[in-house]
Amino acid sequence: MALSVLMLSLALSRAPFLSLAQSATSMSDLEWTLTNSNYSISVPGNVPSQAHLDLYDSQVIGDPYYGLNDFNLRWVAETNWTYTTSLSSLNLSSSASTWLVFDGLDTFSTISVCNQLVASTNNQFRQYYFDVTQALSNCKSPDVRINFGSAPNIANAIANTSLNEPWKGTQLSYEFPNRWLIRKEQSDFGWDWGPAFAPAGVWKPAYIVQLSRNQLYVRNTLLDIYRHGQLNNLPPDQTQSWVVNASLDVLGSIPQNAGLRIDIKDVNNKTVTSSAASNVTISGGAITGNILVVGNAVQLWWPNGLGPQNLYYATVTVLGSSNNTIASSTKRTAFRTIVLNMEPISQRQLAQGIKNGNNWHFEINGHEFFAKGSNFIPPDAFWPRVTETRIQQLFDSVVRGGQNMLRVWASGAYQPDFIYDIADEKGILLWSEFEFSDSLYPVAKSFLDNVREEAIYNVRRVNHHPSLALWAGGNELENLELYLANLSDPGNYSRWQQEYETLFLDVFLPAVYENSRSISYIPSSTTNGYLTLNHSAAHPMIERYNNLTPGYIYGDTDHYDYDSSVAFNLSSYPVGRFANEFGFHSMPSLQSWEDAVAPEDLHFNSTTIQLRNHHYPSGSLNTTNFPNTTKGMGEMTVAVELYYPTPNKADPLANFSSWCLATQIFQADFYRSQITYYRRGSGMPERQLGSLYWQLEDIWQAPTWAGIEYSGRWKVLHYVAKDIYSRVIVAPYWNYTTGDLSVYVTSDLWETVNGTVDLTWYDWSGKVLANVSNTSNSGGSSTNSPAESGSVSVPFSVGALNTTKVMQTNTNTLSKTGVDLTNALLRMNLTAMGHLPNSNNDTPSTFAHEFFYHPILSLADAKLTDPGLTLKSNNDSASPAFTVEATTGVAAWTWLDFPSGVLGNFEDNGFWLVPGQAKTVAFEVKNDTTDGRWVEDVTVSSLWDFTTP
């Protein structure tokens with residue numbers, strides 16, 4: 001691509017709008033002042049920003065993330081803050097009308113221009129626009145003043161009104177109460193993985209728009225691309241042409257005889273189609289029309305690992321009566337269909353061995369696929385400091401981790417466009433949700449009208465992104481909140497259900513269905529699906545709830561179990577069609593703790609460490625939450641003590657670091673067990689086609705469920721998830737009660753894969769065990785080496801999106817034949833050949849995977865041997881690589897660690913080695929402040945090191 005075309009493409013993809021015949025000034029270019037009269041504070045302000053950030057920049061407060069400042073800085077959230085700027089630098093007299101446009105105000109604000117009240121706002125997630133022409137008409141020193149009220153105080157005031165129903169304990173509070181009464185990021189009031197800052201400010205871009213007569217400003221653009229005849233939630237006919245429906249929301253008066261033209265170009269600026277739109281309508285400040293595009297005129301967009309991310313630019317132009325351009329908007333988009341299929345299991349599926357019930361899986365361009373990914377939470381408590389570079393690096397880790405889908409959790413915030421843009425480029429599907437979570441919400445008309453505008457704006461704003469995979473009404477509403485309501489107040493359950501449906505079926509479903517045909521909708525993240533779906537009915541979707549048929553399988557699952565004694569009991573995992581949440585918490589690394597905690601507090605149960613652990617949350621503003629947080633710290637401790645040698649090092653800091661790592665190993669081990677179980681489900685009667693673990697990344701430095709720390713450093717979990725999300729994997733499935741052990745190969749490719757699995761039993765010194773019998777169920781022949789009778793090579797063939805068994809044995813039988821289970825482990829090594837989806841290369845790809853299994857639950861009982869690890873560096877700071885070798889024993893959970901001062905990740909980590917096996921691991925440097933000296937401080941350890949002082 002030519003450089004000029006590339007730069008234009010990037011500019012268009014990131015632009016908030018592209019509109020002709022108007023003047024728009026970014027409020028970021030103005031000088032702002034932040035004031036608070038109660039505390040006599042006046043400091044420079046910014047837009048976008050929030051009060052905490054501007055106070056920190058001026059050193060009025062310390063780093064909000066340091067120590068216990070989430071408690072110490074509550075006064076910031078409990079007072080009002082005013083942002084003021086002058087408009088004297090603008091030539092306002094040349095305009096027929098002047099507007100203020102705010103893409104995001106957090107949350108309660110009153111806006112004055114020239115000391116005249118213009119408007120008040122009460123929703124963080126809406127776009128607001130105000131005509132201030134009259135206020136400016138006789139103003140000699142024009143200014144804008146935005147006063148932000150304290151969200152916690154206002155929420156408490158609303159709680160004393162009729163809007164707050166007596167929900168009798170069904171509501172989940174974390175720190176600040178009454179979050180469900182206001183339209184602000186719900187996790188701003190605290191969550192079990194993050195702090196409660198409840199910030200205020202102009203958190204998204206804002207503009208001053210000056211219009212002459214007959215000019216328009218495009219404030220929002222809807223593009224909906226779907227197959228002709230397609231309806232929401234239903235698989236479309238992939239042979240049909242594409243419909244491109246465009247709708248521009250504008251400021252100014254649209255001429256009644258205006259027309260629309262839609263031009264589509266590829267990234268090389270080649271025109272695909274250019275034609276006048278049909279069915280043009282003008283209503284409510286919007287002009288809408290559509291065109292048809294034949295199917296073979298464009299290339300499809302695919303998620304990561306399933307094909308290329310083909311992108312296009314669609315320009316929508318408003319034309320006057322003389323065919324003159326009145327306004328224009330360009331959006332980068334793509335052609336794809338993405339459907340959440342929840343239809344009943346068909347006769348064809350029954351014949352394949354799939355159990356009756358309903359489907360619950362995604363289909364991309366008519367192909368079902370296994371959704372591999374995690375849950376995405378707000379990457380920061382303060383959105384204005386979430387940069388494109390940071391998300392680029394985070395999503396790069398998603399791609400490198402083999403993930404193709406993120407569930408964008410509610411209740412954070414609706415993602416900015418640049419996050420969807422990056423996901424479009426990298427092929428990451430974003431299951432998106434309206435910002436409602438773990439609560440029953442008001443159904444007063446004022447509340448419903450407010451959130452309806454919120455929903456419509458955001459549905460229209462992001463619909464053009466091919467990465468948009470789904471709209472869900474919110475988080476854990478059907479399975480948790482209605483359950484809690486029934487538990488605490490069964491006499492009123494029908495009322496709670498009706499109010500739930502009022503919001504999530506009567507408001508949000510129409511917001512999606514009336515603005516898009518390309519996206520599916522579900523009322524709740526975890527749901528048993530629908531009983532009926534009739535787009536012609538007044539209420540198109542009737543939910544299933546508990547209308548379940550015994551023996552049938554419905555819906556997706558949400559699974560947490562903090563009893564670590566059953567962590568690896570396969571029967572404790574749910575059987576469903578899709579796993580959207582599951583997990584266990586762990587500590588971040590010592591390096592992350594050092595960014596936020598004083599040296600004297602760097603020990604496992606220090607006051608600061610404990611109080612930064614919000615699992616379990618206090619449920620109030622209590623600053624001494626030791627009873628609850630101790631339970632969370634205890635869960636991690638017990639898990640480590642159950643399954644691994646416990647660190648007991650003489651050096652306190654080294655011991656703390658080892659304990660942090662130990663909790664990460666358990667977390668990764670537990671997730672690996674679940675992910676392999678859910679992936680194997682693709683070939684089981686449940687036909688499970690999704691695994692999204694909780695959670696991708698951290699919002700700050702604390703014990704959480706994250707696989708990536710706040711700095712971007714990968715925990716053990718992200719490395720293990722990368723490994724177990726490989727395209728073709730081998731994994732053991734052990735019933736430790738009966739001793740039954742089976743080994744399966746699972747593939748998420750779209751065609752049959754052939755290969756072999758080498759199964760070898762070792763003792764912990766690395767010696768191959770003799771006379772160990774492996775029973776093969778692969779249907780092929782196995783070959784035993786005469787010198788190594790503990791080794792067998794098993795050929796296999798596994799079908800598309802399927803699994804096959806390659807070994808069946810029983811550990812009790814092994815024990816009876818003289819095998820010491822405490823001194824035995826099984827190495828499974830897979831090699832296979834197959835084709836990647838939508839690959840133009842006829843040469844098959846090679847796939848490899850390795851898994852080590854130990855036939856005792858706790859490695860604390862294993863006869864571990866010092867593996868004699870050695871580490872060598874290639875001494876190349878530009879492309880660093882490290883070679884690790886075990887020389888005297890099996891190295892379990894081999895861990896390469898790197899110091900502070902560099903950001904990046906290893907190609908592989910948390911792996912196992914047998915003696916004589918050298919492994920070279922590359923390191924990707926994302927940022928280095930050490931001038932390459934960090935390479936000298938890279939270390940290697942294994943589980944054995946927990947046993948040494």
Side-chain angles (χ1 to χ4, degrees), residues 8-9 11-27 90-92 94-103 127-133 204-225 244-265 269 271-291 312-333 417 421 456-465 515:
L8 174 63
S9 298
L12 293 179
S13 70
R14 301 289 190 263
F17 58 86
L18 181 62
S19 183
L20 304 178
Q22 45 75 36
S23 171
T25 300
S26 171
M27 292 194 195
L90 303 181
N91 182 12
L92 300 175
S94 63
S95 306
S97 63
T98 302
W99 297 73
L100 303 184
V101 179
F102 298 96
D103 287 347
Q127 182 192 57
Y128 289 101
Y129 42 95
F130 307 112
D131 186 343
V132 295
T133 310
K204 294 183 74 174
Y207 306 92
I208 298 167
V209 176
Q210 298 170 254
L211 298 177
S212 298
R213 288 179 177 81
N214 302 320
Q215 293 181 338
L216 300 176
Y217 170 83
V218 180
R219 63 175 184 82
N220 199 17
T221 301
L222 166 72
L223 272 178
D224 191 30
I225 300 177
V244 180
N245 187 60
S247 183
L248 302 183
D249 299 317
V250 302
L251 303 180
S253 298
I254 306 171
Q256 287 303 305
N257 60 354
L260 276 184
R261 186 180 71 242
I262 300 176
D263 300 282
I264 298 176
K265 297 182 178 182
N269 210 32
T271 298
V272 173
T273 187
S274 177
S275 59
S278 303
N279 307 311
V280 175
T281 60
I282 300 170
S283 176
I287 180 169
T288 304
N290 57 61
I291 64 170
Y312 293 86
Y313 290 90
T315 299
V316 185
T317 304
V318 183
L319 301 172
S321 57
S322 302
N323 212 35
N324 58 305
T325 297
I326 301 176
S328 183
S329 175
T330 296
K331 293 293 182 182
R332 193 180 64 179
T333 189
D417 283 286
D421 280 327
I456 291 172
Y457 166 66
N458 284 289
V459 167
R460 292 172 69 85
R461 177 178 65 88
V462 305
N463 197 76
H464 64 278
H465 292 285
N515 289 283

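Everything quoted here is computed from the prediction, not taken from an experiment.
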Just list the side-chain donor-acceptor pairs under 3.5 Å for residues 250-257, sequence neighbours left out, or say none.
none

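Atoms CD and CD, on Gln210 and Gln215 in that order, are 10.0 Å from each other to the nearest 0.5 Å. Atom CG of residue Leu260 and atom CD1 of residue Ile326 lie 10.0 Å apart, to the nearest 0.5 angstrom. To the nearest 0.5 Å, atoms CG (Asn515) and CG (Asn458) are separated by 11.5 Å. Put simply, CG on Leu92 and OG on Ser23 are 9.5 Å apart, with the number rounded to the nearest 0.5 Å. Rounded to the nearest 0.5 angstrom, Ser278 OG and Ile262 CD1 are separated by 9.0 Å.
Tested against Arg461 for a side-chain hydrogen bond (donor to acceptor under 3.5 Å, both in side chains), the candidates Asp417, Thr221, Asp249, Asp103 yield a single pass: Asp417. Screening Leu223, Val218, Thr288, Thr330 for a side chain to side chain contact (heavy atoms under 4.5 Å, CB included) with Val316, the sole residue that qualifies is Leu223.
Here the side chain of Thr333 pairs a donor or acceptor atom with the backbone of His464 at under 3.5 angstrom. Judged by distance alone, with hydrogens and angles left aside, the side-chain atoms of Arg332 form a donor-acceptor pair with the main-chain N or O of Asp421 at under 3.5 Å.
Looking only at side-chain heavy atoms (C-beta outward), Tyr129 and Val209 stay at 4.5 Å or farther from each other. A 4.5 Å side-chain heavy-atom check between Leu211 and Ser95 finds every atom pair outside the cut-off. By the 4.5 Å heavy-atom criterion applied to side chains, Met27 and Leu100 are counted as neighbours.
Partners of Ser274 by side chain to side chain donor-acceptor pair (under 3.5 Å), not counting sequence neighbours, listed by chain and number: Asp263. The side-chain contact (heavy atoms from CB on, under 4.5 Å) test applied to Ser26 returns Ser28, Asp29, Tyr207, not counting sequence neighbours. Every residue meeting the side chain to side chain donor-acceptor pair (under 3.5 Å) condition with Asp224, not counting sequence neighbours, appears here in chain and number order: Asn463, Ser516, Ser518. Residues passing the side chain to side chain donor-acceptor pair (under 3.5 Å) test with Tyr457: none are found, sequence neighbours excluded. Among residues two or more places apart in sequence or in another chain, the side-chain contact (heavy atoms from CB on, under 4.5 Å) test is passed with Asn91 by Ser93, Ser94.
Taking each heavy atom of Ile291 and Ala277 in turn, the nearest pair found is CG2-CA, 3.8 Å. Closest heavy-atom contact between Ile287 and Ala258: CD1-CB, 4.0 Å.
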Check the pair Thr325 / Leu319 against side-chain contact (heavy atoms from CB on, under 4.5 Å), numbers first and verdict last. CA-CA 5 Å; Thr325 297; Leu319 301 172; 4.3 Å; yes

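A side-chain N or O of Asp131 and one of Thr133 form a donor-acceptor pair less than 3.5 Å apart.
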